[in-house]
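All remarks here apply to the structure that follows.
Proteins get letters first, then strands, A, B, ... in listed order; numbering begins at 1 in each.
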Number of protein chains: 2
Amino acid sequence: MPAEIATLVAFFKVLADATRLRIVGLLAVEERSVDELATLVEVRPPTVSHHLSKLKKLGLVSVRSEGSTRWYRLEIEAVERLAREVLAGEGLTSIGDEVEAAAEDAYALKVMQTFMEGDRITQLPRQWRKKMVLVRYVAQQFEPDRTYTEPEVKAVIAPIHADHVTLRRLLVDVGWMVRDKAGREYRLNPERVAEL
Amino acid sequence: MPAEIATLVAFFKVLADATRLRIVGLLAVEERSVDELATLVEVRPPTVSHHLSKLKKLGLVSVRSEGSTRWYRLEIEAVERLAREVLAGEGLTSIGDEVEAAAEDAYALKVMQTFMEGDRITQLPRQWRKKMVLVRYVAQQFEPDRTYTEPEVKAVIAPIHADHVTLRRLLVDVGWMVRDKAGREYRLNPERVAEL
DNA sequence: GCCGGACTTCGATGTTCATCTAATTAGATG
DNA sequence: CATCTAATTAGATGAACATCGAAGTCCGGC
């Protein structure tokens, strides 16, 4: 399970309050009634009720009724399970992957909107990552499984951007395009076509 | 170190926001500029700046300037150190102890204010824990290191509360008071005087 | 030395949320 | 049944805060 962002936020949010944390701390020692908690943390009973309902919604506490008194206790296993799940190993990096996968396209789109007009690149950005977006776009204009002579390469790139020499060099540097042994013809690198 | 409550709250609070969590997730993968982050999480750069400054204040991210671009990256060690500290063993129960030690007196005071008038117990509460506060008070009226006959016990308790029989029985049940072998004389339990 | 881009700071706005009082429900007691 | 106590719910208030646009700062290029 990749730890849903919403789950993580909910978990952190419920613990991101001093009063609630102190209640949790007290319940970690032994079970307590609402009234006791209210006195111990120095807030009014309704406030304690409010906090307990939030904790209960996450399953962090449970209740036992005895007469009109309600004894709350901490579900320690639940707390530890959630905590471990949240902070375990690459819990955070997995969020990164999730977000990235969902938003990388949007990022590319924005870069292209900024540095292109129609099908032409108006200007090459200085930042490497942005430049790569455009280089990828150019690479996509070539067909896989065929070779191009240098004039043919120029014929593809020049309509997109005046500085076709720089772009061709970038394509090779990045590895999306390769030259044959003679250094006379170009073609898309078959091993990296999948990235495009 | 017992994990200050304020520290815990600060830690949870900074992670208790979806946008901030996604930023952290992205930075966990690799370093990013403000602009990239803004595009990826779909908020404006000022908002990203705002979040990054909060993360920086906790030392969770660091910056590297390159021209006018600022590359942020996650301080993974710091995150893990904090996380470990937060979840270390009985992290939560230690909060309990802290709060309890600081507030137990206040609790006893409130119970006594509710169920006593001056030096007299007006009514015995039904809740065990509250009852114990008053029984402790009664126990404190006896001197350690001496014995009391039953009439003498009555002489101590009766001015405090009419139902001296119930209170005497509670004192014995709880273990703060013991009877000698003959069952004729009472005295404070020397092994538990420290609790009073 | 001015322009453009990346970033931060400022000020305003709207939402979320902890807290309170007052009113309500539900149990126990006489 | 009337009453008292414990707890929850409802409603109101105020503070914290995420977000934005606008203005300010800082850097590199022409």
With a 4.5 Å cut-off on side-chain heavy-atom distances among I, L, V, M, F, W and Y, is there a chain of contacts connecting M132(A) to M177(A)?
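In one cluster with M132(A): M177(A), yes.
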
If two hydrophobic side chains count as joined below 4.5 Å and joins carry through other members, does L167(A) share a cluster with V178(A)?
no

Nearest non-hydrogen partners of L171(A) and A139(A), listed with the distance:
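Heavy-atom minimum between the residues: CD2-CB, 3.6 Å.
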
For Y137(A), give me all partners under ring pair (Phe, Tyr, Trp, His ring centres under 6.0 Å), at least two apart in sequence or on another chain.
none

Pairs under 3.5 Å (N/O, protein and nucleotides 1-6 of chain C):
from   : atom 1 : to      : atom 2 : distance (Å)
dA6(C) : OP1    : K130(A) : NZ     : 3.2
dA6(C) : O4'    : S68(B)  : OG     : 3.3

Partners of T69(B) by side-chain hydrogen bond (donor to acceptor under 3.5 Å, both in side chains), sequence neighbours excluded?
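Testing T69(B) for side-chain hydrogen bond (donor to acceptor under 3.5 Å, both in side chains), a comparison that skips the adjacent residues, returns Q127(A).
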
Between K13(A) and dC17(C), is there a contact of a side-chain N or O with OP1 or OP2 at under 4.0 Å?
yes

Can you tell me if E36(A) uses its side chain to pair, donor with acceptor, with the backbone of S33(A) under 3.5 Å?
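Yes, E36(A) side chain to S33(A) backbone: donor-acceptor pair under 3.5 Å.
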
Less than 4.0 angstrom from a charged side-chain N to a carboxylate O is my criterion; do E185(A) and R179(A) meet it?
no

Pair E42(A) + R22(A): basic N to acidic O under 4.0 Å:
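No, E42(A) and R22(A) are not salt-bridged.
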
Does some side-chain heavy atom of F142(A) sit less than 4.5 Å from a side-chain heavy atom of R187(A)?
no

Min side-chain heavy-atom separation H164(A)-V153(A) under 4.5 Å
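Of all side-chain heavy-atom pairs linking V153(A) with H164(A), none is under 4.5 Å.
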
Atom pairs under 3.5 Å: protein N/O with N/O of nucleotides 10-15 of chain C:
none

What are the 5'-most and 3'-most nucleotides of DNA chain D lying under 4.0 Å from any heavy atom of chain A?
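The contact span of chain A on DNA chain D goes from dA6(D) to dT9(D).
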
S62(B) and E75(B): side-chain hydrogen bond (donor to acceptor under 3.5 Å, both in side chains), yes or no, with the steps?
CA-CA 7 Å; S62(B) 60; E75(B) 290 296 315; 2.6 Å; yes

Positions of residues 49-57 of chain A (non-hydrogen atom under 4.0 Å from DNA chain C), listed by number:
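Going residue by residue through residues 49-57 of chain A, the ones with a heavy atom under 4.0 Å of DNA chain C turn out to be H50(A), H51(A), K54(A).
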
Is the number of heavy atoms from other residues, nucleotides or ligands within 6.0 Å of CZ (R44(A)) greater than 12?
no

What's the CG-C1' distance between D17(B) and dC17(C), to the nearest Å?
14 Å

Identify whether any heavy atom of T19(B) sits under 4.0 Å from a base atom; if not, whether one sits that close to sugar-phosphate; answer base, sugar-phosphate or nothing.
sugar-phosphate

Paired with dA16(D): which nucleotide, if any, by Watson-Crick or G-U wobble criteria at under 3.5 Å for both distances?
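Check on dA16(D): paired to dT15(C), both distances under 3.5 Å.
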
Here's one to test your reading of the geometry: is the NZ or CZ of R70(A) within 45 degrees of the ring axis of Y72(A) and under 6.0 Å from its centre?
no

